[in-house]
Amino acid sequence: MEMGLPLFYAFSLLLNLASVAFAGDNSTPPCSSQFNTKCKPDSSGLHLTLYHPRNPHSPASISDVHLSTILSHDEARVKSLAHRLSKIPSSHRTSLDHHLDMKSVSDPLTPGGSVGLGNYVTQVGIGTPAASYVMVVDTGSSLSWIQCRPCAVSCHAQVGTVFNPKSSTSYHSIPCSANECTSLRSATLNPSACSSSNVCIYQASYGDSSFSLGYLSKDTLSFGSNFTFPNFTYGCGQDNEGLFGKSAGLIGLARNKLSLLSQVAPKLGYAFTYCLPTIKSTGYLSMGSYNPAGFSYTPLVSSSLDDALYFLKLAYISVAGKPIAVPASSFSRIPTIMDSGTVITRLQSDVYTALSKAFLAAMKGHKKVVAYSILDTCFEGKVASTAVPTVALAFDGGATMNLRPENIIISLNSAKLTCLAFAPATRVSIIGNTQQQTFKVVYDVAQKKIGFASGGCR
């Protein structure tokens, strides 16, 4: 990995190294297993394989990363989302106006989320001819980006070769006057910049101090031969530093108009479905139409805090079939979002305390021990799945997630502990990916609802 330079120096390099626009056709290779794409001519949706980040068979596995490190970065992601919703600016200021010839440079960089180490990955094709790249999938991010040669400042280590825009006949950079450049602030919560050759510069920064800087660009996005999207808007990263696993970049699935979801919606429909697998299996991400059979739904909630995230209302939680002892008003004291990248579900502190108390009562005979990282309801040794009480998350509208033992507890073999996979929150409740594993979850943005169905994958 190249050594990172200060952020302002990264910008100064980009100002004078603006990418050259290329022209060409939009031909794509035939449907191929290199994209892990299930091509279904009789379906309007596309279907991608999803990998758990710690699955040893993942194309970008981080199975060697200790769970304590993942939990630490999970906490950074949660804090970043909380700051984002409470409009707290980042303390990191770049003084870009003293170093760069560009517009609107006096604002501080604001973390738009935290990628961390808990995100699932898939593979997509970029360019003409298309090449396959491993990408992080994130419902909490809008702008998609990929590392690009010449890596003018720095590129983190990734699986495979770094994308070279000069090798794509359909690549071109986006000028500063384009609407997409103007839209960057809402997509990244940071202002755009403008190079000396009038190329739009994006800056996507995250709460764990990871970031990507580069040229806003267009190219052909492909998922085999059946699904190609010419003129897909994304970031061509020239300075990419932080913890992105071994991925080449990120796919943003938030509700912003620059997200992948919004860009493919005119062709496929404004919805996506996924099943997040356990560490031992694979799941899927489907864009567009879906079979509604088996789903129970809860309304998507509008929020002035951030219209790109997926808000919903948690109505109650039950343990061993009994609602936990907490006033119903506690569930609405802070907002609740669905998020694919947060590992551990966070609950409003009173709700979490009541859940922990009910869970401890149902776990009689198991010795409670000291906390492990962010997890404070822990037991000595390994807990058999048959000893774990049922836990159900019920949402407005009647949708319910009846959690399996694997959704409820985490076994920490190295520490010889088993912990409840929930933690308290003060600013935002988050339904995390441990609780979502093996469920089919549909984000039907067109119909303003989220649906759940059990048994989607293993």
Side-chain angles (χ1 to χ4, degrees), residues 53-54 62 65-92 109-120 136-142 188-189 204-211 242-245 250 252-254 276 301 303 305-306 308-314 317 330-353 355-356 371-378 393 407-408 410 412 419-437 441:
R54 300 185 75 205
I62 57 168
V65 177
H66 199 274
L67 182 59
S68 61
T69 301
I70 293 174
L71 293 176
S72 174
H73 286 276
D74 196 52
E75 184 68 3
R77 179 182 179 94
V78 171
K79 289 180 179 179
S80 179
L81 285 168
H83 287 187
R84 171 176 170 179
L85 295 179
S86 58
K87 309 299 183 184
I88 297 176
S90 168
S91 60
H92 174 52
L109 291 185
T110 301
S114 178
V115 177
L117 293 169
N119 291 76
Y120 286 72
V136 162
V137 174
D138 188 17
T139 59
S141 296
S142 295
T188 66
L189 305 185
S205 50
Y206 305 96
D208 60 358
S209 298
S210 300
F211 62 87
L243 290 172
F244 301 106
L250 179 146
L253 289 176
L276 304 180
V301 177
S303 175
L305 296 174
D306 192 323
L309 298 178
Y310 296 98
F311 292 87
L312 67 174
K313 288 186 177 180
L314 188 59
I317 298 174
S330 296
F331 290 96
S332 57
R333 286 180 184 168
I334 58 178
T336 300
I337 63 171
M338 286 287 292
D339 184 44
S340 67
T342 298
V343 178
I344 301 298
T345 286
R346 303 310 202 277
L347 298 171
Q348 191 271 343
S349 56
D350 291 343
V351 174
Y352 172 75
T353 299
L355 170 63
S356 176
Y372 179 89
S373 183
I374 61 173
L375 307 175
D376 66 6
T377 305
C378 296
L393 308 180
N407 303 121
I408 300 169
I410 289 182
L412 307 159
C419 297
L420 180 66
F422 292 79
T426 57
R427 291 177 181 167
V428 58
S429 294
I430 305 172
I431 309 302
N433 61 36
T434 297
Q435 284 62 43
Q436 296 179 52
Q437 283 178 13
V441 182

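Every value quoted in this text rests on a predicted model; they were computed, and no experiment measured them.
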Worksheet entry | Listed partners of Ser429 passing side-chain contact (heavy atoms from CB on, under 4.5 Å), at least two apart | Ile334, Thr336, Gln348
Discussion item. Between Phe422 and Ile317, does the side-chain contact (heavy atoms from CB on, under 4.5 Å) criterion hold? Intermediate values first, please.
Written reply: CA-CA 12 Å; Phe422 292 79; Ile317 298 174; 5.6 Å; no
Discussion item. Could you work out, with ring pair (Phe, Tyr, Trp, His ring centres under 6.0 Å) as the rule, every residue matching Tyr120, not counting sequence neighbours?
Written reply: His52
Worksheet item: Does the side chain of Leu67 come within less than 4.5 Å of Arg54's, by heavy atoms?
Response: yes
Worksheet item: Do the non-hydrogen side-chain atoms of Thr342 and Asp74 ever get within less than 4.5 Å of each other?
Response: yes
Practice prompt. Looking only at non-hydrogen atoms, find the nearest pair between Ser330 and Val351 and report the distance.
Written response: CB-CG2, 3.8 Å
Fill in: Residues in side-chain contact (heavy atoms from CB on, under 4.5 Å) contact with Ser332, at least two apart in sequence or another chain
none
Item to complete: Take Asn119 and Leu250 through the side-chain contact (heavy atoms from CB on, under 4.5 Å) test and state the conclusion after the steps.
Response: CA-CA 10 Å; Asn119 291 76; Leu250 179 146; 5.9 Å; no
Response to the item:
In short, Ala254 meets Gly140 closest at the heavy-atom pair CB-C, 4.5 Å
Worksheet item: What heavy-atom pair brings Leu85 and Phe311 nearest, and what distance separates the two atoms?
Response: CD2-CZ, 3.7 Å
Fill in: Residues that Asp376 engages under salt bridge (Lys or Arg N to Asp or Glu O under 4.0 Å), provided they are two or more places apart
none
Worksheet, complete the sentence: Sequence neighbours excluded, the answer for side-chain contact (heavy atoms from CB on, under 4.5 Å) partners of Thr353 is none
Discussion item. Nearest 0.5 angstrom please: Leu71 CG to Leu375 CG, how far?
Written reply: 5.5 Å
Worksheet item: Shortest non-hydrogen contact from Ala423 to Ile374?
Response: CB-O, 3.8 Å
Item to complete: Given side-chain contact (heavy atoms from CB on, under 4.5 Å), test Cys419 with Leu412 step by step and report yes or no.
Response: CA-CA 8 Å; Cys419 297; Leu412 307 159; 3.6 Å; yes
Discussion item. When you compare the side chain of Asp306 with that of Ile337, does any pair of heavy atoms fall below 4.5 Å?
Written reply: no
Fill in: Counterpart residues, side chain to side chain donor-acceptor pair (under 3.5 Å), relative to Ser356 (two or more places apart)
Thr377
Item to complete: Mind checking side-chain contact (heavy atoms from CB on, under 4.5 Å) for Thr139 and listing every partner two or more places apart, or none if nothing turns up?
Response: Leu253, Phe272, Tyr274, Tyr310, Asp339, Ser340, Tyr443
Worksheet item: Between Met338 and Gln435, is a side-chain contact (heavy atoms from CB on, under 4.5 Å) present by the stated rule, with each step listed?
Response: CA-CA 11 Å; Met338 286 287 292; Gln435 284 62 43; over 6 Å; no
Worksheet item: Arg346 versus Leu81: any side-chain heavy-atom pair under 4.5 Å?
Response: no
Fill in: Distance, nearest 0.5 Å, that separates OG1 of Thr434 from CD1 of Ile408
12.0 Å
Item to complete: Supply the atom-to-atom distance Asp350 CG to Leu355 CG, rounded to the nearest 0.5 angstrom.
Response: 12.5 Å
Worksheet item: Between Ser349 and Pro424, which heavy-atom pair has the shortest distance, and what is it?
Response: CA-CB, 4.3 Å
Worksheet item: Between Leu305 and Pro335, which heavy-atom pair has the shortest distance, and what is it?
Response: CD1-CG, 3.9 Å
